[in-house]
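First up is the structure itself, then whatever we jot down about it.
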There are 2 protein chains.
Amino acid sequence: MEQLERERAASGGDGLNVTRRIANDLGRAIVTQRFTADTGFPFESQLCEQYGASRSVVREAVKMLTAKGLLRARQRAGTVVQPEGSWNLLDPDVLRWLMERDFSIDLLIDFTEMRMAIEPRAAGLAANGASGPQRAAIVKAIDRMFAAEQGEDDPLEADIAFHRAVIEASNNRFMRQFTDLSEATLRFSIRRTNAYAGVSRASAIDHRRVANAIVEGNARGASSLMRELIDGALRLLLEAGGHPAHDSF
Amino acid sequence: MEQLERERAASGGDGLNVTRRIANDLGRAIVTQRFTADTGFPFESQLCEQYGASRSVVREAVKMLTAKGLLRARQRAGTVVQPEGSWNLLDPDVLRWLMERDFSIDLLIDFTEMRMAIEPRAAGLAANGASGPQRAAIVKAIDRMFAAEQGEDDPLEADIAFHRAVIEASNNRFMRQFTDLSEATLRFSIRRTNAYAGVSRASAIDHRRVANAIVEGNARGASSLMRELIDGALRLLLEAGGHPAHDSF
DNA sequence: TCACCGCATAAGTCATACTTTTCTTGATTT
DNA sequence: AAATCAAGAAAAGTATGACTTATGCGGTGA
């Protein structure tokens with residue numbers, strides 16, 4: 001048991017197998033720009049030595065990163081880092097590495113702009129076609145927000161549950177890919193902007209308005225109320241980031 | 001030269017290496033549900049035999065698919081297909097396989113709903129912060145649309161160039177991931193709905209309105225005009241798919 | 001009936017040899 | 001001197017075989 005513990009520590013692993021550990025490490029290194037297109041990227045042989053691992057696992061790790069658009073390998077030329085434009089930024093791993101790299105206000109703004117695109121539309125779709133259980137999940141999340149206001153639940157978790165439920169209820173497979181991004185944004189927003197707007201009674205009421213519109217099948221209302229909701233967060237971020245104010249749209 | 005040709009044909013490859021060919025083949029097989037979570041997935045050994053390939057390449061191919069969320073391998077348990085919810089649907093490869101699987105009207109509607117979310121917001125962002133060259137690219141695309149109307153350019157390509165330019169001008173890294181999806185949607189829409197709305201003079205004028213709003217820095221206008229533009233396509237699709245009409249939002 | 005142990009299995013890791021592609025270099029030709 | 005071509009080298013791609021590790025399953029005993 002202790003030996004197992006020691007091995008883990010020695011390998012720096014978090015219970016992952018060797019391949020995943022190397023992929024993780026290299027992925028983070030690329031995203032944090034420790035390797036760039038200019039810098040170049042180590043050869044297989046060098047990576048083997050560096051990690052004390054066999055060629056197989058190194059190659060498999062590299063293959064995973066090429067699958068995510070971070071790398072490209074060619075015979076004789078070696079492995080090169082791809083330009084950021086071809087990274088699969090919505091890939092959960094890439095997203096995680098990106099957030100580890102710098103969770104700046106600007107990144108948070110980019111995230112929130114995405115939410116601003118996705119979630120109002122999702123709310124409208126939910127109003128038009130959410131199933132019974134999906135509507136129930138939305139309503140339940142609202143109840144949790146009010147409970148949280150009384151200290152009987154966690155406000156952040158309730159907030160996340162609400163947004164997740166709405167996106168889920170859009171019944172659009174592609175929009176569902178954004179639940180993680182939405183959740184990550186909420187979790188980090190609260191750290192960055194020390195004023196968390198989510199706990200106040202006013203916020204819970206605003207959220208309930210969105211939920212009501214969805215339940216009533218009022219797509220236009222749901223959409224624009226959701227937009228206002230997120231726009232509030234966005235404006236806080238823009239202000240915190242020192243960006244010039246502009247009209248909402 | 002001829003020998004090369006023959007080898008290609010024999011291996012069924014399109015100039016790809018063995019690993020990529022297998023990954024492609026398996027990826028398509030999974031997405032087309034030839035393998036499901038219930039069905040099970042072949043063991044490494046079986047795949048080696050099936051493809052007449054070594055374990056190395058099979059393992060690397062499988063690793064690429066796990067990186068895209070399609071598979072999950074565990075010792076003793078074998079490799080299993082993941083539920084569709086954990087696939088990275090925005091991954092270019094997965095997207096391609098998905099389109100090869102069924103380019104149904106419903107899929108096209110899902111795509112268009114995504115465009116409906118992304119592009120109006122992108123247009124607004126472009127109005128607020130597009131650079132000079134970015135604005136120029138948008139204007140140029142509009143010129144191409146009018147040229148196409150005179151038979152001096154390709155209408156579809158001009159249309160695609162316009163939407164691509166707007167998304168690019170959003171200067172949001174995540175929105176940029178949708179250029180491919182947008183392009184694919186346009187290319188397939190024209191095949192499915194034999195009435196292509198893109199060639200008419202009216203359409204070119206509508207597009208120019210969006211462009212003008214962007215160039216003038218009118219975010220709200222750009223956003224809502226873009227929404228109307230795509231909403232037109234969406235309504236055609238909904239009608240063609242036999243979906244009940246509902247209010248725009 | 002239930003908990004435990006050991007075995008079988010399939011993926012994970014390693015080492016090594018060989019192949020293919022492609023860049024470099026330098027000799028050959030014009 | 002410039003262009004062309006051929007030989008060599010370098011790095012990824014492929015193949016094979018052996019060993020390791022995790023884990024599901026069935027049998028054994030309390």
Side-chain angles (χ1 to χ4, degrees), chain A residues 1-8 10-26 35 37 39-67 70-82, chain B residues 1-26 30 35 37 39-67 70-82:
Chain A
M1 189 59 97
E2 300 159 56
Q3 187 175 1
L4 201 115
E5 195 87 29
R6 213 176 313 130
E7 270 178 17
R8 277 195 186 177
S11 62
D14 317 279
L16 302 172
N17 57 29
V18 184
T19 306
R20 287 188 85 81
R21 241 186 39 238
I22 296 179
N24 237 319
D25 200 52
L26 289 177
F35 302 120
T39 306
F41 192 79
F43 301 129
E44 283 180 2
S45 52
Q46 298 175 285
L47 290 174
C48 289
E49 206 175 349
Q50 208 172 307
Y51 287 103
S54 72
R55 231 186 121 197
S56 326
V57 298
V58 167
R59 279 184 59 80
E60 285 173 21
V62 166
K63 275 284 188 254
M64 297 188 75
L65 298 181
T66 67
L70 301 191
L71 291 175
R72 179 190 171 89
R74 283 169 58 196
Q75 276 175 198
R76 160 88 201 196
T79 309
V80 293
V81 176
Q82 291 292 97
Chain B
M1 189 60 97
E2 299 158 57
Q3 187 175 358
L4 201 115
E5 195 87 31
R6 213 176 313 130
E7 270 178 18
R8 277 194 186 178
S11 62
D14 316 280
L16 303 172
N17 57 30
V18 184
T19 306
R20 287 187 84 83
R21 241 185 38 238
I22 296 179
N24 236 319
D25 199 53
L26 290 177
I30 292 166
F35 303 120
T39 307
F41 193 79
F43 300 129
E44 284 180 3
S45 53
Q46 297 175 287
L47 290 174
C48 288
E49 207 176 349
Q50 209 173 305
Y51 287 104
S54 71
R55 228 185 126 199
S56 330
V57 299
V58 167
R59 279 184 60 80
E60 285 174 19
V62 167
K63 276 285 186 244
M64 296 188 75
L65 299 181
T66 66
L70 302 190
L71 291 175
R72 179 190 172 88
R74 282 169 58 194
Q75 277 174 197
R76 160 85 202 199
T79 308
V80 294
V81 176
Q82 290 293 97

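All chains are named by letter (A, B, ...) in the order of the sequence lines, taking the proteins before the strands, and each is independently numbered beginning at 1.
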Between atom [atom1] in [X] and atom [atom2] in [N], what is the gap in whole Å?
| X | N | atom1 | atom2 | result |
| --- | --- | --- | --- | --- |
| A:R72 | D:dA11 | CZ | C1' | 15 Å |
| A:R20 | D:dA22 | CZ | P | 16 Å |
| B:N17 | C:dT22 | CG | P | 11 Å |
| B:E60 | D:dA15 | CD | P | 11 Å |
| B:L71 | C:dA10 | CG | P | 17 Å |
| A:L16 | C:dG12 | CG | P | 13 Å |

All side chain to side chain contact (heavy atoms under 4.5 Å, CB included) counterparts of A:R76, not counting sequence neighbours: none
Taking only residues two or more places apart in sequence, or in another chain, which ones meet A:A53 in a side chain to side chain contact (heavy atoms under 4.5 Å, CB included)? A:V18, A:I22, A:Y51, A:V57, A:V58
Quick one: [atom1] on [X] to [atom2] on [Y], what's the gap to the nearest 0.5 Å?
| X | Y | atom1 | atom2 | value |
| --- | --- | --- | --- | --- |
| A:K63 | B:K63 | NZ | NZ | 13.5 Å |
| A:L47 | A:D25 | CG | CG | 10.0 Å |
| A:R20 | A:N24 | CZ | CG | 7.5 Å |
| B:N17 | B:E60 | CG | CD | 9.0 Å |

Nearest-nucleotide wise, let me know which of A:A77 and B:T79 is further upstream toward the 5' end of DNA chain C. B:T79
Considering only heavy atoms and no angle criterion, is a donor-acceptor pair shorter than 3.5 Å present between the side chain of B:Q75 and the base of D:dT23? no
Heavy-atom side-chain contact between A:V81 and A:L71 under 4.5 Å: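 Yes. Closest side-chain heavy atoms under 4.5 Å.
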If you compare every side-chain N and O of B:R59 against the phosphate oxygens of C:dG12 (OP1, OP2), does one of them come in below 4.0 Å? yes
Short side-chain N/O contact to C:dT21 OP1/OP2 from A:R74, under 4.0 Å: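 A:R74 to C:dT21 OP1/OP2: no side-chain N or O under 4.0 Å.
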Residue pairs involving residues 41-51 of chain B (criterion salt bridge (charged side-chain N to carboxylate O under 4.0 Å, His left out); sequence neighbours excluded): B:E44-B:R55, B:E44-B:R59
The ring pair (Phe, Tyr, Trp, His ring centres under 6.0 Å) partners of A:F35 (sequence neighbours excluded) come to A:F41
Using a cut-off of strictly less than 4.0 Å between a heavy atom of the residue and any atom of DNA chain D, enumerate the qualifying residues of residues 43-57 of chain B by number. B:A53, B:S54, B:R55, B:S56, B:V57
If you restrict it to nitrogen or oxygen atoms, what contacts under 3.5 Å exist between nucleotides 3-8 of chain C and the protein, and what is each distance?
residue: C:dA8; atom: N3; partner: B:R76; partner atom: NH1; Å: 3.0

